[in-house]
Amino acid sequence: MMTLRCLFVDFNSYFASVEQHDEPRYRGRPLGVVPVLSPTTCCIAASYEAKAFGVKTGTPVWEALEKCPDIMLVQARPARYIQLHHALMALIEDCIHHERPGSIDEVHCHLLGRERQRENAVAIGMQIKRRLADFSDAIRCSIGIAPNRFLAKTASDMQKPDGLTVLEQTDLPHALHDLALRDLCGIGHSMEQRLQDAGINSVEALCSSSRERLRRAWGSIEGERFWLQLRGHELPERKTTKGSVGHSHVLGPELRNYPGMRSVLFKLLAKAAMRMRHDGYVARGLTLHIRFVGIDERYSRFNAFEPLSDTPTLLQLLARQLQSLERAERSGRWKSKRYPPLSVAVTLSGVEEVGRQSGELLPERGRALRVTQALDRINDRFGNNTLYFGAMREAIRHDAAPMRIPFSTIPDIKREDEGGDQQASSPQNDSCDHDLWLLRERQFKVLAETAHRESRSKSHQYGEDAPRMGADSWNWRSPSSLSEVKRGQTLPLFR
């Protein structure tokens, strides 16, 4: 009985492996990839040599240096990762047709006809591995073969690095019992807690639960879908609609002040608005979030408005949202040097397709839209940020908020990059799924914020006069210069 329908390829430690592929001196050495060269950020990828020391995705830089003092830290190069991604996809296509990649470091392939026989499916997987070995000494992949994409992805994670795992219908569900709940795609920290609250503490208990029990645990039909996937059913992908467009950014030390933060926010909003217009949408709301060093309180604002998409009007709305924070700094309620801004995010919400709205009655709104469209045409032709609004100057000067690290999709470099490797762009990827990209971007922001909080907490264990230094002169300030408040204490700053 042929039960194998999907072959899943997962490139191991992809970002770090690309760096080792390009630079031979990195090979065989512990390596961490970071979004910015700052001790308050975290690793977004680690080589397997670094993983041997306990360094992994999300590990704060200070912790990585403590666990592995010899680790080399390099700044991520998104355009290069995308360029190599296309080469690797072509390599796989020579062995078997693959579907549209859902991520920069993984892709699934449907097995058809005789390809579903175990020996033939394994032969295809081994052919991919041989082609990859001929292509690079540094890049490896793990392959999972199973009745559906969910189980094939799970199988690819069961033997790393460079593994090949097959799960047939007869292997289910006992082959999954030794996994942890978090090893299954779709179960994160909060979902794991919900399952435990429902009395499901292991994958074995999960597999033995009824369809109705999982629906109650998930609180939606997703529980039933999960029950079916665990049993090998191939389910159609659920159609999603765009609900928001946004960007976030962890500020570099040189921009952790009000003018720098404001400039980055303007750049983020201009990028989000440009993306939204290119995708044919307008927005009905604007949300702003700012986090700070040393305090847990967050500055958040939201405005609702009639549908619009022109950048000048959106920037005016953002400026108004920042006014109370500016007043707080002038009055001394917010001490910006003691509690500088750490990360910022802007989101355009309530998006809907252009054409569902009535025409503009106010002439100035029409002019603003025409100006914005002219800027888009110029930047599309001559490169992003060839022309930009003056309020973005500081962010442009410091190259802040560049193209983000693309794990969950392959972004359009022509639109997003700012002077990077243009040849990495591929016409077939012009219609990228930016929602998945945005999700991963937000995850990295959370990781960086968590790393910074843990850094402060760890600093207190060393005492006031014990600054730490790691490889390549990555050093820390003493805890007193960061904050004098107790961890978890919230101060009322913004009225």
Self-check item: Residue pairs fulfilling ring-ring contact (aromatic ring centres under 6.0 Å, His included) with at least one residue in residues 101-160, sequence neighbours excluded
Solution: His21-Phe135, His108-His110, Phe150-Phe226

Quiz item: Out of Thr41, Val33, Leu31, Leu65, which residue meets the side-chain contact (heavy atoms from CB on, under 4.5 Å) rule with Leu73?
Solution: Leu65

Quiz prompt | Which residues share a side-chain contact (heavy atoms from CB on, under 4.5 Å) with Ala64, sequence neighbours left out | solution = Cys43, Val55, Thr59, Ile71

Practice problem: Rounded to the nearest 0.5 Å, what's the gap from CD on Gln169 to CG on Leu4? Could you check? | Solution: 9.5 Å

Exercise. Identify, with sequence neighbours excluded, every residue that meets side-chain contact (heavy atoms from CB on, under 4.5 Å) alongside Glu192.
Key: Leu181, Arg182, Ile187, Gln196

Exercise. Only pairs at least two apart or in different chains count here, so list each side-chain hydrogen bond (donor to acceptor under 3.5 Å, both in side chains) that has a residue in residues 121-134.
Key: Asp94-Arg131, Lys129-Asp162

Self-check item: Side-chain (Ser156) to main-chain (Ser142) donor-acceptor, under 3.5 angstrom
Solution: no

Exercise. Validate the cation-pi geometry between Arg225 and Trp227: distance from NZ or CZ to the six-membered ring centre under 6.0 Å, angle to the ring axis within 45°.
Key: no

Quiz item: Side-chain contact, heavy-atom cut-off 4.5 Å: Arg298 with Ile290?
Solution: no

Self-check item: pair Lys160-Asp157: side-chain heavy atoms closer than 4.5 Å
Solution: yes

Self-check item: Heavy-atom check, side chain of Val203 versus side chain of Leu184, under 4.5 Å
Solution: yes

Quiz prompt | Non-hydrogen atoms of Ser17 and Ile139 that approach each other most closely | solution = O-CG1, 3.9 Å

Self-check item: Residue pairs, two or more places apart or on separate chains, that pass ring-ring contact (aromatic ring centres under 6.0 Å, His included) and touch residues 158-214
Solution: none

Practice problem: Determine which pairs satisfy salt bridge (charged side-chain N to carboxylate O under 4.0 Å, His left out) with at least one residue from residues 48-57, sequence neighbours left out, and list them in order. | Solution: none

Quiz item: Tyr81 vs Tyr14 aromatic rings, parallel, tilted or perpendicular, using cut-offs 30° and 60°?
Solution: perpendicular

Quiz item: Does a side chain donor of either Gln229 or His233 reach within less than 3.5 Å of an acceptor in the other side chain?
Solution: no

Quiz prompt | Where Arg194 and Trp218 come nearest, the two heavy atoms and their spacing | solution = NH2-O, 2.8 Å

Quiz item: So do Leu348 and Val346 actually touch side chain to side chain, heavy atoms under 4.5 Å?
Solution: no

Quiz item: Distance-only, no hydrogens or angles: does the Arg291 side chain make a donor-acceptor pair with backbone N or O of Ser343 under 3.5 Å?
Solution: no

Exercise. Might you point out which heavy atoms bring Ala273 and Ser309 nearest each other, and give the distance in Å?
Key: CB-O, 4.3 Å

Quiz prompt | pair Ser349-Phe302: side-chain heavy atoms closer than 4.5 Å | solution = yes

Exercise. For the residue pair Leu7 and Val9, establish whether any side-chain heavy-atom pair is separated by less than 4.5 Å.
Key: yes

